[in-house]
Amino acid sequence: MTESQPETNPSADTGKKSMDEIMALCKRRGFVYPASEIYGGINGFWDYGPLGSQLKKNLRDAWWHDVVMTGCRGKTGPDGNPVRVVPVDTCIIQNPKVWEASGHVGGFNDPMVDCRETKSRYRADHVKCMGEKGDSSGQIYAFIDGDDASFEGALKKLGKYKKKNLTRDEVDICPLTDLSVEELAITVGPDTKEVGTLTEPRAFNLMFKTYIGATATEDDIAYLRPETAQGIFIHFKNVVDTTRVAVPFGIAQTGKSFRNEVTPRNFTFRSREFEQMEIEFFCHPDEAGAWYEFWRDWRMQWWKDLGLEGENLILREHEKDELAHYAKEGAGTSDIEYRFPFTAPGYGELEGIADRTNFDLKQHQDHSKKKMEYHDTTRGEPLPNGQPKGEWYIPHVIEPSAGLDRGVLALLCEAYTPDPERPSKVYMKFHPRIAPIKAAIFPLVNKDGMPDKAMEIYRAVVQRVGAHGFVEYDPKQNIGKRYARMDEAGCPFCFTVDSETLTDGTVTVRDRDTLSQERIPAGDVPGYLAERLGLGS
RNA sequence: GCGGGUGUAGCUCAGUGGUAGAGCGUCACGUUGCCAACGUGAAUGUCGACGGUUCGAAUCCGUUCACCCGCUCCA
């Protein structure tokens, strides 16, 4: 997760949009509510209302359809064949050994110490303390273990305090974690001159902990998954063995993940409970580079096609020094980043595409002692009978990992369009494909048979597009008010029955974005809509 | 985790110790006939929560929770 610093000019829209106003609209129109709001809320958790949950479902469905059901919408992969992706749905809680293998436990359970003055944070087991040998009175000096400059600094400070020159052999050293609270209070931090700036060591485990079974002892500890990816890796062999898939192929999964973020911030952007849409694409090591580029470019195009066009969306290749441990040897890592109002003029990550090499499968092979090698019968020297000899290898993995909630947030921010000219002052310009309300059917006035005709059209439209989003029927209040309401909800098309409908059978179609109106036969409404929603006429 | 700010109706906010308010929105009825029109009426609040001071607290004090901003963190 990066919020990159500005590189492009902050001219475009999102920087000027007010996050407060977007949040107010989300609440007002039922997109997003604070979780547990009537009890005062709960930090880092958000719930979706009726429009929000449908919007989120539409985004997830679009991903599922485009990735899993149609293999990148029928695109041809770098190997010249259709792209194959199959789904799994794995548990949030797994054997804790999964997280030991993935590296999530370990680096995570380390207690940390903060310096209140310099705001630095140290791993508690990396900080050591010194005092004069044979004289335990007075201040204690902390330094970073293994860092000579830090050691010398502490030695110098101690010597100055004791008013004598001390050498390495004249001090006692102990781990910071051995200090009592009282001793910590008279300890000088590694980068300060005053005592008492260090906090007590605290665990910063970003994984949610829970207990399996009712007894809840230390032996029963389990974790809520911090990513869905590991559920895919641990079933790689199962999928290969039970499905007629052959490398290269992908396994996809959507689902909730949990991270005990230090600071949840920025609306739903950094939540403690969030949903991911992850693909692990397995391929031969020699082809990893080509597949990395394929996924990186296609995933970028995918977000663009959902309406995140223009300068607010960028593809950012990671610098070598910020690559994660698993990606160091790979072809690279890219982030698809969106310029949110709260990151502008910087960007926030929507999706990361990483070449993870064979790191994960190898880790699981090492920890589980189960072979993760794949027998590729299309490779190897030709045998006398003309067939290839076959090749055993641990596939490399390209991982396009997207944040569903972040995607929803980006769609909300992108759609939010202030327009002082129209009565609502703002409208939500959702791409019709992901708009939660697909259409509204209005009688111009609530009499003269118009409601009956409108209701008839409403039923036909629900029949045709109801599986993809809401269809509204609203006969109350004046027509302008109803249009305005639909603008705020982001409904792309409104169909209105008027007196002409009763004589010539046509209705008006109001386009949300252009405000233009045209007349079409009432019977054509479902087809007209289906075509514009990408469902075919 | 640190510092700053905010919290009153669905939304935006006024209200500095003495009866809980406005605009918009929502609902009903009437009117209206293509962009939040008009009329009449109605509902809606433990003033974020808990505790204290006071005859009396939305208002003063303490604690706490949530959100926003800046640091920090983001394996």
Side-chain angles (χ1 to χ4, degrees), chain A residues 1-3 18-30 32-46 49 99 102-110 112-123 197-207 226-227 259-272 274 322-326 341-342 348-349 352 419 421-427 442-448 450 476-488 494-501 507-512 515-519:
Chain A
M1 261 171 283
T2 22
E3 278 111 272
S18 152
M19 203 57 216
D20 285 348
E21 283 169 22
I22 293 173
M23 288 171 70
L25 185 141
C26 283
K27 174 77 189 295
R28 188 168 71 241
R29 298 260 76 120
V32 179
Y33 307 131
S36 303
E37 191 184 17
I38 61 170
Y39 293 104
I42 177 167
N43 197 355
F45 298 88
W46 299 88
W99 311 116
S102 67
H104 288 90
V105 180
F108 264 119
N109 288 316
D110 301 321
M112 306 292 278
V113 169
D114 284 340
C115 176
R116 297 188 187 93
E117 189 183 315
T118 66
K119 311 293 183 192
S120 319
R121 173 169 290 170
Y122 317 95
R123 272 179 64 166
T197 62
L198 296 180
T199 63
E200 287 179 57
R202 288 169 298 201
F204 275 84
N205 190 334
L206 289 201
M207 279 203 292
E227 61 177 31
R259 292 183 200 181
N260 230 334
E261 296 288 355
V262 176
T263 314
R265 210 38 95 73
N266 292 327
F267 203 25
T268 60
F269 183 80
R270 182 172 298 141
S271 304
R272 291 187 163 130
F274 57 98
E322 61 173 320
L323 289 180
H325 54 286
Y326 52 77
F342 49 80
E349 182 185 342
D419 180 358
E421 298 301 309
R422 60 176 81 197
S424 59
K425 307 290 184 230
V426 63
Y427 66 107
F442 300 142
L444 182 59
V445 288
N446 196 11
K447 60 182 185 185
D448 300 338
M450 292 182 205
K476 301 284 182 68
Q477 298 175 314
N478 78 62
I479 193 70
K481 203 168 201 169
R482 284 175 278 166
Y483 285 153
R485 211 180 273 139
M486 286 302 108
D487 277 350
E488 270 204 336
C494 294
F495 301 91
T496 301
V497 170
D498 57 18
S499 52
E500 268 185 72
T501 311
V507 297
T508 62
V509 188
R510 172 195 185 260
D511 183 286
R512 176 196 64 202
L515 299 180
S516 66
Q517 296 193 26
E518 57 173 321
R519 297 199 75 89

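Below, all heavy atoms of this structure are taken into account, side chains as well, without hydrogens, waters or symmetry copies. A, B, ... follow the sequence lines: proteins, then strands. Residue 1 opens every chain.
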Any donor-acceptor pair under 3.5 Å between the side chain of A:Gln517 and the base of B:C34? yes

Where the side chain of A:Asn43 is defined as all heavy atoms beyond and including C-beta, which of B:C35, B:G1, B:A66 is the nearest nucleotide? B:A66

Picking from B:C35, B:U32, B:C68, the nucleotide nearest the side-chain atoms of A:Tyr483 would be B:C35

Can you tell me, in whole Å, how much space there is between the P of B:G25 and that of B:G39? 12 Å

What is the distance, rounded to the nearest whole Å, between atom CD1 of A:Ile22 and atom C1' of B:C67? 16 Å

B:C69 phosphate, OP1 or OP2, under 4.0 Å from A:Asn266 side-chain N/O: yes

Atom pair distance, as rounded to whole Å: CE in A:Met23 and P in B:U6: 17 Å

Taking atom types as they are modelled, would you say the side chain of A:Arg510 forms a donor-acceptor pair with the base of B:C35 within the 3.5 Å cutoff? yes

For A:Thr496, which residues count as a side chain to side chain contact (heavy atoms under 4.5 Å, CB included) partner, sequence neighbours excluded? A:Phe442, A:Leu444, A:Ile479, A:Tyr483, A:Thr508

Minimum heavy-atom distance between A:Glu261 and A:Arg272, given as atom pair plus value: O-NH2, 2.8 Å

Look at all strands and tell whether A:Phe267 reaches a base, only sugar-phosphate, or nothing, counting heavy atoms closer than 4.0 Å. sugar-phosphate

Got a donor-acceptor contact below 3.5 angstrom from the A:Arg422 side chain to the A:Ala484 backbone? no

With a non-hydrogen cut-off below 4.0 angstrom, is A:Pro34 in contact with a base, only sugar-phosphate, or nothing? nothing

What one-letter contact string describes nucleotides 37-45 of chain B from 5' to 3', where B marks a base within less than 4.0 Å of any protein heavy atom, S marks contact via sugar-phosphate atoms alone, and - marks no contact? B--------

Name the nucleic acid region contacted by A:Gly30, choosing base, sugar-phosphate or nothing; use a 4.0 angstrom heavy-atom cut-off, strictly under. nothing

Just how far, in rounded Å, is C1' of B:C24 from NZ of A:Lys425? 12 Å

May I ask you to say what A:Ser499 touches in the nucleic acid, namely base, sugar-phosphate or nothing, with a heavy-atom cut-off under 4.0 Å? nothing

If B:C38 has a Watson-Crick or G-U wobble mate with both distances under 3.5 Å, name it; if not, just say none. B:G30

Under 3.5 Å, which N/O atoms of the protein pair with N/O atoms of nucleotides 7-12 of chain B?
unit_1, atom_1, unit_2, atom_2, d
B:C11, OP1, A:Lys27, NZ, 2.8

Can you tell me how far the OG1 atom of A:Thr501 sits from the CZ atom of A:Arg519, to the nearest 0.5 Å? 5.0 Å

Distance-minimising heavy-atom pair for A:Trp46 and A:Pro34: CE3-CA, 3.7 Å

Which heavy atom of A:Glu488 sits nearest a heavy atom of A:Val426, and at what distance? OE2-CG1, 3.8 Å

Might you point out which heavy atoms bring A:Glu227 and A:Trp99 nearest each other, and give the distance in Å? O-CH2, 3.9 Å

Ranking A:Arg272 and A:Leu444 by the position along RNA chain B of their nearest nucleotide, the one closer to 5' is A:Leu444

Heavy-atom nearest pair, A:Pro443 first then A:Arg482, reads O-NH1, 2.8 Å

With sugar-phosphate meaning primed atoms plus P, OP1 and OP2, does A:Leu25 contact a base, only sugar-phosphate, or nothing at under 4.0 Å between heavy atoms? nothing

Nearest-Å distance for atom pair CZ/P, residues A:Phe269 and B:C68: 13 Å

From C-beta outward on A:Pro423, which listed nucleotide comes closest to its side chain: B:C35, B:C68, B:C34? B:C35

What is the separation between atom CG on A:Asp487 and atom C1' on B:C35, rounded to the nearest whole Å? 8 Å

Where the side chain of A:Gln477 is defined as all heavy atoms beyond and including C-beta, which of B:U26, B:A36, B:U32 is the nearest nucleotide? B:U26

Begin from the C-alpha positions of A:Glu21 and A:Lys425 and carry the test side chain to side chain contact (heavy atoms under 4.5 Å, CB included) through to its verdict. CA-CA 12 Å; A:Glu21 283 169 22; A:Lys425 307 290 184 230; over 6 Å; no

Rounded to whole Å, NZ of A:Lys476 lies from P of B:U32 at a distance of 18 Å

A:Phe274 has an atom CZ; how far is it from atom C1' of B:C74, in whole Å? 11 Å

Winner on side-chain proximity to A:Phe342, out of B:C69, B:A36, B:C34, is B:C69

Describe the nucleic acid contact of A:Glu227 in one word from base, sugar-phosphate, nothing, applying a heavy-atom distance below 4.0 Å. nothing

Shortest side-chain distance from A:Lys447, nucleotide among B:G70, B:A36, B:U32: B:U32

Need one value for A:Asp448: base, sugar-phosphate or nothing, where a base atom within 4.0 Å counts as base even if backbone is also close, heavy atoms only. base

Could you work out which one of B:A36, B:G1, B:C34 sits closest to the side chain of A:Arg265? B:G1

